Amino acid sequence: MNTTILLFLVQDGITNGAIYALLGLALVLVFAVTRVILIPQGEFVTYGALTYATLSAGQVPGTAQLAAVMGIVAFGLDLYLARKSLHAKRILRAFAVNIAFPFAILALTYALAGRHNTIPVNTALSLLIVAAIGLFLYRIAFQPIAHTSVLVLLIASVGCHLAMQGFGLVFFGAEGLRGPAVSNAALTIGPLSFSGQSLAVYGITVAFIVGLWLFFDYTLYGKALRATAVNRLGARLVGIRTSLSGQLAFLLASLIGAISGILIVPITTLYYDTGFLIGLKGFIAAIIGGLISYPITAVAALGVGLVEAFSSFYASNFKEVIVFTLIIPVLVLRSLAAPEVEEEQD
Amino acid sequence: MSAPLLAVSDVHISYGKVEAVRSVSLDVSANQIVTIIGANGAGKTTLLNAIMGILPLKGRVTFGGEDMTSFDIEDRVAAGLSLVPEHRELFGTMNVEDNLQLGAFRIAKATAAQSFERVYTLFPRLKERRKQLAGTLSGGEQQMLAMGRALMGAPKLLMLDEPSLGLAPIIVSDIFRTVGELRAAGVSVLLVEQNAQAALKIADHAYVMELGEFVLDGPAAEIATNQQVVASYLGFQHA
Ligand SMILES: Nc1ncnc2c1ncn2[C@@H]1O[C@H](COP(=O)(O)OP(=O)(O)OP(=O)(O)O)[C@@H](O)[C@H]1O
Ligand SMILES: [Mg+2]
């Protein structure tokens, strides 16, 4: 192997690893706040990528309609829950979030479809659509069972993954799609050449991590999310709604997923089920971080990306096998090191 | 007499099939300190938790004239009810200032600034330690932080579950002095205490709880001299 190939593999590994890091961080966040192991994280990637690709092709993606339908269901649930005390303010808020928001996006999508929109417009619209789906997914599938055990939440999570993957097939078909690159520029430094797209991946990943850090450390809502993760009862006692924290966490996770998808889809063709595999690699990183540690997760994700890049060079048939085998020694080590823990019930 | 701030009527609370609190009624008026005394396992914590909405109950709880029996914890907080729970439930990996700021989660930013002022005046110790993680504070400091966090939300009624538990006598007297100051500042207090003598000294009204029921109630001064109470709860402290 010569230096050029080595550098190329490292670069490739870091580009993918950056994406896995984003996804891994989202998984840790969602688990800490809601105790949900977010299997459908990969579907957010797919939805983001394919929504963006469909919009770029001038069509209306089915996800925009899905968001609107989920909004109606969420509104129904909110009304049912508030039936005993129907305050005008509550209903108005529920209407704004569940009906006005997704239908405004849907209207915007129809208005903009078919024109030649710029890449930022399509990106923003895709993010809005997937964010709405993430928000409503929590509202519909997880909020009503938020108090149950991790196992029940996991089963619901697997169900959501299967359902969303099925919808993905309906919306986008079995053929893969590609989207236009955020940037076509290229940069060469010595033996290294960076595509504009991979620079965008680095830049956006770093920006997102810094953004998340600022959000969690300096804003009231960021602190409220952390508080819910640290002590659920304590958070409720100061008036932070568990449902609000859960919705925020899912909103962030779906945004992160969609961004990752939009960043990848110009590099590789994505199919309706590709997101799952990508999400799983973020999941490995999150498991290595014990579903608790953000920094370990981010470093582990880069490791996963590198292992993947090198194994695709040496043994491309076994690429996925090698990557997923990583988890076995980690789990063995963790089970030896970890003290016995009882599951929290509340 | 005006309507009480908090009215609990005919409340039953069960853990599964076991009834831990039976047919309990209690009132707290504005600007009043009310205390519940009773032996270990009498059901005091159970009652406070149920009033806060942490445990389900049978019966009725009204606050400020509003029936809040079916309210969530968060809605009770919004209505002006606050609990410092037996286990404090602080945000251990966050610093003192963040804990306090979150205590004011529901109120406007401008009011929160005043609340900070007030809490730091009540507990200067917290101001000194404002960058320290809550989990690394001493027991007494954690209790101050728990009370401070509850006060940040500017509650109308503060429920305290054994604020003196495990604290040195000097800090206990600090805490009780603070409770007295709260009443002066217009906050009502519902106080559960093992330290019956101190509680009865500052309270206006007292209830005595045994095996899940109230067996006695009256003005605190009368309860403090009741022979039965002296024998069971104050006896050794007088000796
Ligand atoms: N989660 C629970 N499940 C079953 N029984 C419980 C539970 N929590 C409390 N109990 C029982 O309910 C009764 C009342 O308990 P509670 O904690 O309310 O007592 P307490 O008056 O606060 O006592 P202490 O002064 O020791 O704090 C006790 O007999 C206790 O064993
Ligand atoms: Mg107790």
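All values reported here derive from a predicted model rather than from experimental measurement.
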If you count heavy-atom pairs under 4.5 Å between each of L83(B), L102(B), L90(B) and chain A, which one has the most? L102(B)
Residues of residues 216-224 of chain A near chain B, each having a heavy atom less than 4.5 Å away: L220(A), Y221(A), K223(A), A224(A)
Sort A235(A) into side chain, backbone, both or neither according to what part of it lies under 4.5 angstrom from a heavy atom of chain B. both
Step through the shown structure and confirm whether more than 12 heavy atoms of other residues, nucleotides or ligands are within 6.0 Å of CZ on R177(B). yes
Tell me, side chain or backbone of V230(A) under 4.5 Å from chain B's heavy atoms, or both, or neither? side chain
Could you give me the CA-CA distance, side-chain angles and deciding distance for L233(A) and H87(B), then say whether side-chain contact (heavy atoms from CB on, under 4.5 Å) is met? CA-CA 10 Å; L233(A) 178 58; H87(B) 302 295; over 6 Å; no
Non-hydrogen side-chain atoms of N99(B) and V238(A) separated by less than 4.5 Å: no
Pick one of side chain, backbone, both or neither for L81(B), based on which atoms fall under 4.5 Å of a heavy atom in chain A. neither
Looking only at heavy atoms and a cut-off of under 4.5 Å, which of R149(B), E89(B), E74(B) has the most pairs with chain A? E74(B)
When rounded to the nearest 0.5 angstrom, what is the spacing between CZ in R106(B) and CZ in R241(A)? 5.0 Å
Presence of salt bridge, R90(A) and D75(B), under 4.0 angstrom: yes
When you compare the side chain of L237(A) with that of M52(B), does any pair of heavy atoms fall below 4.5 Å? yes
Does the side chain of R226(A) come within less than 4.5 Å of T93(B)'s, by heavy atoms? no
Under the 3.5 angstrom rule, does the side chain of N231(A) hit a backbone N or O of F91(B) as a donor-acceptor pair? no
Is it the case that atom OH in Y80(A) sees more than 12 heavy atoms from other parts of the structure closer than 6.0 Å? no
